[in-house]
S.K.: 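Attaching a single structure in structure tokens format; questions to follow.
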Amino acid sequence: MFAVFTEKTLNQAGLRTNLPLLEQYRFSLIPTAARSWIATNLGQRPQSFSTVANILGRETVLAAIAQGLIRADIRRTPIEAQSRIWRA
């Protein structure tokens, strides 16, 4: 996967906040149990970041977003407790 970001795109509020946050988790290990949970529980419908973070841990969820296992709209708004996330 890849994305093309232009100077205009990078100035969006969400990306300015989210990219530096996610960068630090880009190479974090995601436990097998967390991967299994994501595969079975995020496929049906989106859930809030806080709900999933309470189960898997904030760092694991951010690592999963950074590594493309979980999708989130990182372009428009900063990731927060009520951000909707789903399996990629």
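Keep in mind that this is a model prediction, so the values were computed, not measured. Just so it is clear, the values below take in all heavy atoms, side chains as well, and ignore hydrogens, waters and symmetry mates.
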S.K.: Hey, could you give me the OG/CD1 distance between Ser50 and Ile85, rounded to the nearest 0.5 Å?
M.R.: 9.0 Å
S.K.: Output the distance between atom CZ (Arg35) and atom CD1 (Ile70), rounded to the nearest 0.5 Å.
M.R.: 10.5 Å
S.K.: Which heavy-atom pair separates Pro78 from Thr17 by the least distance, and what is that distance?
M.R.: CB-CG2, 3.8 Å
S.K.: Go through Thr60 and Arg58 one step at a time and tell me if the side-chain contact (heavy atoms from CB on, under 4.5 Å) criterion holds.
M.R.: CA-CA 6 Å; Thr60 300; Arg58 182 178 184 275; over 6 Å; no
S.K.: Are Ile65 and Tyr25 side-chain neighbours, meaning at least one heavy-atom pair lies under 4.5 Å?
M.R.: no
S.K.: Less than 4.5 Å apart, side chain to side chain, heavy atoms only: is that true for Arg87 and Leu69?
M.R.: no
S.K.: Quick check for you: to the nearest 0.5 Å, what is the distance between Asp73 atom CG and Trp86 atom CH2?
M.R.: 6.5 Å
S.K.: If you define the side chain from C-beta out and look only at heavy atoms, does anything of Glu23 sit under 4.5 Å from Leu21?
M.R.: no
S.K.: Can you confirm whether more than 12 heavy atoms, excluding those of Arg84, are under 6.0 Å from its CZ atom?
M.R.: yes
S.K.: Apply side-chain contact (heavy atoms from CB on, under 4.5 Å) to the pair Glu59 and Ser28, showing each step before the final yes or no.
M.R.: CA-CA 9 Å; Glu59 292 80 14; Ser28 297; over 6 Å; no
S.K.: Do Ile38 and Leu56 come within less than 4.5 Å of each other through their side chains, counting heavy atoms only?
M.R.: yes
S.K.: Got a second to check how far Gln67's CD is from Leu22's CG, nearest 0.5 Å?
M.R.: 10.5 Å
S.K.: Measuring from Phe49:CZ to Ile79:CD1, what's the distance to the nearest 0.5 Å?
M.R.: 6.0 Å
S.K.: Mind checking the OG1-CD spacing from Thr77 to Gln82? Nearest 0.5 Å is all I need.
M.R.: 11.5 Å
S.K.: Determine whether Leu42 and Gln47 make a side-chain contact, defined as any pair of heavy atoms from C-beta on separated by less than 4.5 Å.
M.R.: yes
